[in-house]
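What you are looking at is a predicted structure, and each value in this text was computed from that prediction instead of being measured. Just so you know, these numbers use all the heavy atoms, side chains as well, and skip hydrogens, waters and symmetry mates.
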Amino acid sequence: MKTKLNGFLTLLLAFAVQITFAQEKTVTGNVSDASGPLPGVTVLIKGTKTGTQTDFDGNFSIRVNTGAVLQYSFMGMTTVEKTVGASNIIDVTMQESAESLEEIVIVGYGTTTKQSFTGTATVVKSEKLALKSVSNVSQALAGEVAGVNVINTSGQPGTVATIRIRGFGSVNGNRDPLYVLDGVPFSGSINSINPSDIESTTVLKDATATAIYGSRGANGVILITTKSGKSGAPVIEVNIKTGENYNSLPRYDVIKSPEEFIELSWLAMGNRSLDINPTSDNVAYANNYLFSSRGIDSKYNMWDVADVSELIDPTTGKVRAGVQRKYNPENWEDYGFQSSSRTELDLKMSGGNENTQYFSSFGFLDDKGYVINSAYKRYTTRLNITHKPKEWLTANANIGYVYSETKNNGQSEDSGSVFWFVDNIPSIYPLFERDANGELIPDEIYGGYVYDYGVGRGFGALTNSIADAKYDKDGNDRHEINGNFSINFKLAEGLTFENQYGAQYYNRTYNSIRNPFYGSGASNGGSIYKTLSNALTQNLLSLVRYKKSFDESNLEILLAHEANTYTYNISTASKEKVVNLENGLDVLNNYVVTSSPSTGYQLNTDLESYFGQVNFSLQDKYYFTGSVRRDGSSRFANDKWGTFGSVGASWIMNKESFMENVDFVNYLKLKASYGLLGDQAGAGIYSGQNSYSINNLNDEISLSVNAIQNPDLTWET
C-alpha cells in the first residue's frame, strides 16, 4: 500500500511540474516612443526582482509565466504594465509622463521646461550615452534624435561623425551644427570631451531654438552639459568596459580562386585579339601573350608549367587537371585586418556642501582599429566646481584636459588603402615576394619575409598597402584644454548680471613617415613630413537677465553682448634620408636632406554680437518667445553686420475646458515659429581683402598676387 501511495505521489508531482513548465515561456518584444526604439528600458516581472533591459534597438527577451504582469519603466516616461497572455510577442509604445513636461531643459543661454519651450529640442540623457561604447558624443547621437543624420565616414577609432540636423543648410558654406559646451561655443575636437563626463546633450533643431545663436546656429545647435557635484557625502564611481572591434559587414564578393582568375584572364586576352582582328587565332594569341607585358608578368605564373598551352585547356577554357601550384598566394584580408580589443576606464568623484560642489574625473581609452597598426589612445581629466560664497554671488569653473594619440596607417584614399587592396587585388598576386621556385624570401632588415611591392604587377603596381601600414607611420599627437569660468551677481529680486569667459586651446603634431627600405620612401632613403599646429578660441559673454512673475503670467527678458576670437597657427617641414633607425624617426634632425622649404602662416577671425530675447507665458497654456541678434564678422570688408531673429508661440490645448473630457489625449501642444538665420563660413577668412604670396626667386623676395576678392561679399541668409 505504501508503495502504491509513493507511486501516486510521484505521478502527481511530475504532473504539477509539467503544468508549471507549460505555463512558463519566453516573451520577446520591442519598446519605442514617438521618436523610435528605446534602449535601456527596464522590463520587470511585477512583484519580483526578475527583469531585463531593452538593447540598442529597443528589443527584449524574458522568461515569464502566463498571467504574470510585465512592468516597463524608463526615466521621463509613464510606466506601462502588460499582462502576459497567449501571445509570445509584446510590443510597447511609451509616452512622456506629465512630470517630464516640467523637467528642466537647457537651451540657448538659459533653461526652460519641455512644456514652456516654443522651439524644437530633444534631450539625450547620460543614461543613453552610457549604453554605447563610443569615443565621442557625435557617434553616440546615432539613432537617438529624429531629424538628425549621423554619418560615420570612417571606422578609424576616434573619428568624429558628420552630423546634419534637418538636412543641408547651405550649398557652399558651413553645414555643421554649432557645439556649445557648458554654455560656451566650442571649436575644439569633440574627442576632447569624454562621453562619461556628459550629463545631457540637447539638440536644438528649429529657428526659434537656434536663432539666439545668430549665424553660428544656422545648422542647428548641440548643447553639451558636463556633470556637476551635489551636496552630500562624497561619491566615487569606477567604470570599466572592454570589448572587441570587428567588421560586421561582409566584404565584397570577389574572385578568390587563382585558377578562376587566370581562366577569365586567358579568355579576355583571346577576346582582345578578336576585337582587333575577327579572323585571328584567339587561342594562339592568348597562349602567347597571357604571361607577357601585354597581360600578366611571367613572374606571377604560380603554376608548375611554363607554357600557357599546358596550363589552359582551349576546349573548356579551364585549367587542365593535374596542374599543380608552385605556391599558394596569401589571402590579403587575413593580413590587413585584425580583431582588436577596446578598453575604457573611467573614475569619477563628486560631492560638496551647500556652498561648494565639485565633480572630477579621470578617463583612459585604448581603442585598437580593425586595420592593422591603427589605434586611438586617449587620457582625459576634468574638474568642475561651483562655489557660492554669498547669497548674491555664484562662481563656476569647468576645466577639461585631454592627451590623445592617433595611428591611422593604411587608410589613404588611393591605392595605399588596405581596404582598396583587399577588395581589388586579383587572387593570383601574393602578399610576399617569391623566388623562381615559389619560395618565400627572408627579410634581413625587419625580419619575416619580403613583401611584394608589385614590380611588373599590372594592377596596383609599385605599392603594397599592408607592408606600408606595417613599416610606415601616419598619425598625430594632440594636447587639448577647454575651460570656462563664470561669475554671476544677483543685483535685485529677479535681476541677475552674468559674466562668462571660455577658452579652448589645442596643440597638434602630425607625422607622416616613410621607411627607407621599401615603398615610396625607399628612393629617398626615408622621409618625414611634419605639421605643427595650434589654435586658441576665446569667448567673452556678458548678460543681464530679468525674471518676473505676475498673477497668471511669467516674463523673462535678457540682453547680452558676446565677443569671440579665433587664432590658428600652422608650420610644416619635410626632410629625407634618415640616419638613425633605432629611434627618433619623428625628429627632423634625424634626416639630412631638406626636400622642400618649410611653410607657416597664421589665421585670425573675430565675431562680435549683441542680442536679446523675450519669453512670456500666460496661464501656463500660452507661450510666446522672440529673439533678435546682430552679428559682426571680420570675414567681410564693407558689410560686416547681419541681423537674425525669430518669433514663436505655443498653445497647450489639453488644458482648455473643451479638452477636459477627452480621455484619450494626455498632452496636446500646438506650436508655430518663424526665424531668419545666416552663415558666414561660405566666405574666406579674408574675403574682401586683396592679398599676395611671398616666395623665393633666386634667393630674392618674390611677391605674387592672389585672386582678387570682392569687398561687397556679405552674409548668406
What are the two closest non-hydrogen atoms of [X] and [Y], and how far apart are they?
X: Ser200; Y: Lys125; result: CB-CD, 4.3 Å
X: Pro157; Y: Gly369; result: CG-CA, 3.5 Å
X: Ile198; Y: Ser126; result: O-CB, 3.2 Å
X: Pro516; Y: Tyr446; result: CD-OH, 4.2 Å
X: Ile222; Y: Thr201; result: CG2-CG2, 3.6 Å
X: Gly183; Y: Gln500; result: O-OE1, 3.3 Å

Taking side chain as C-beta onward, heavy atoms only, is [X] less than 4.5 Å from [Y]?
X: Thr162; Y: Asn152; value: no
X: Val145; Y: Lys205; value: yes
X: Tyr566; Y: Leu607; value: no

**OP:** Please determine if Arg382 forms a cation-pi arrangement with Phe359, meaning its NZ or CZ atom is less than 6.0 Å from the six-membered ring centre and no more than 45° off the ring axis.
**Re:**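 No, Arg382 and Phe359 do not form such a contact.
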
Flag, side chain of [X] to backbone of [Y], donor-acceptor distance under 3.5 Å:
X: Arg457; Y: Asp452; answer: yes
X: Gln504; Y: Pro185; answer: yes
X: Asp468; Y: Asp472; answer: no
X: Asn408; Y: Ser374; answer: no
X: Asn604; Y: Thr567; answer: no
X: Thr537; Y: Ala503; answer: no
X: Gln680; Y: Ser215; answer: no
X: Thr381; Y: Phe362; answer: no
X: Gln53; Y: Val41; answer: no
X: Gln411; Y: Ala469; answer: no

Salt-bridge test for [X] and [Y]: reply yes if a basic N is under 4.0 Å from a carboxylate O, no otherwise.
X: Glu562; Y: Arg216; value: yes
X: Lys407; Y: Glu405; value: no
X: Arg164; Y: Asp176; value: yes
X: Glu237; Y: Lys227; value: no
X: Arg251; Y: Asp423; value: yes
X: Arg514; Y: Asp474; value: yes

**OP:** Hey, can you tell me if Phe432 and Tyr335 have their rings parallel, tilted or perpendicular (30° and 60° cut-offs)?
**Re:** perpendicular

Original post:
What residues form a side-chain hydrogen bond (donor to acceptor under 3.5 Å, both in side chains) with Thr572, not counting sequence neighbours?
Top reply: Thr599

**OP:** List in chain and number order the residues that pass side-chain hydrogen bond (donor to acceptor under 3.5 Å, both in side chains) with Ser138, two or more places apart in sequence or in another chain; answer none if no residue qualifies.
**Re:**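 Residues passing side-chain hydrogen bond (donor to acceptor under 3.5 Å, both in side chains) with Ser138: Asn136.
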
Please confirm whether the ring centroid of [X] lies under 6.0 Å from the ring centroid of [Y].
X: Trp420; Y: Phe459; answer: yes
X: Tyr252; Y: Phe419; answer: no
X: Tyr451; Y: Tyr471; answer: yes

**OP:** Might you work through the side chain to side chain contact (heavy atoms under 4.5 Å, CB included) test for Leu431 and Phe421, ending with a clear yes or no?
**Re:** CA-CA 10 Å; Leu431 177 65; Phe421 253 92; over 6 Å; no

**OP:** With sequence neighbours excluded, tell me which residues meet salt bridge (charged side-chain N to carboxylate O under 4.0 Å, His left out) with Asp366.
**Re:** Lys368

Reported [atom1]-to-[atom2] distance for the pair [X] and [Y], which is rounded to 0.5 angstrom:
X: Asn245; Y: Ser341; atom1: CG; atom2: OG; value: 7.5 Å
X: Ser361; Y: Asn239; atom1: OG; atom2: CG; value: 11.0 Å
X: Leu365; Y: Tyr376; atom1: CG; atom2: OH; value: 7.0 Å
X: Asp367; Y: Ser340; atom1: CG; atom2: OG; value: 7.0 Å
X: Glu480; Y: Tyr505; atom1: CD; atom2: OH; value: 10.5 Å
X: Leu677; Y: Asp206; atom1: CG; atom2: CG; value: 9.5 Å

**OP:** Please test Ser32 against Leu38 for side chain to side chain contact (heavy atoms under 4.5 Å, CB included), starting from the C-alpha separation and ending with a verdict.
**Re:** CA-CA 5 Å; Ser32 62; Leu38 274 177; 5.6 Å; no

Are more than 12 heavy atoms, taken from residues, nucleotides or ligands other than [X], located less than 6.0 Å from that residue's [atom1] atom?
X: Asn589; atom1: CG; value: no
X: Glu444; atom1: CD; value: no
X: Ile151; atom1: CD1; value: yes
X: Tyr449; atom1: OH; value: no

Subject >> Leu462: partners by side-chain contact (heavy atoms from CB on, under 4.5 Å), with sequence neighbours left out >> reply: Val455

Subject >> With sequence neighbours excluded, residues passing side-chain contact (heavy atoms from CB on, under 4.5 Å) with Thr594 >> reply: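 Lys575.
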
Subject >> Result of checking Asn482, Asp197, Asp182, Asn194 against Thr226 for side-chain hydrogen bond (donor to acceptor under 3.5 Å, both in side chains) >> reply: Asp182

Subject >> Of Ser598, Ser512, Ser596, the residue whose pairing with Ser574 passes side-chain hydrogen bond (donor to acceptor under 3.5 Å, both in side chains) >> reply: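 Exactly one pass, corresponding to Ser596.
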
Original post:
Can Val160 and Asn191 be said to form a side chain to side chain contact (heavy atoms under 4.5 Å, CB included), step by step?
Top reply: CA-CA 7 Å; Val160 176; Asn191 272 323; 3.8 Å; yes

**OP:** For side chain to side chain contact (heavy atoms under 4.5 Å, CB included), just list the numbers for Lys348 and Ser196, CA-CA rounded to whole Å, side-chain angles, deciding distance to a tenth of an Å, and then say yes or no.
**Re:** CA-CA 9 Å; Lys348 290 172 281 190; Ser196 179; 3.1 Å; yes

Subject >> Trace of the side-chain hydrogen bond (donor to acceptor under 3.5 Å, both in side chains) decision for Asn564 with Asn539 >> reply: CA-CA 4 Å; Asn564 185 277; Asn539 196 87; 2.9 Å; yes

Let me check something: any side-chain donor-acceptor pairs from residues 522-534 under 3.5 Å, sequence neighbours excluded? List them with distances.
from, atom 1, to, atom 2, distance (Å)
Lys530, NZ, Asn511, OD1, 2.7
Lys530, NZ, Asp586, O, 2.8
Asn534, OD1, Asn569, ND2, 3.4

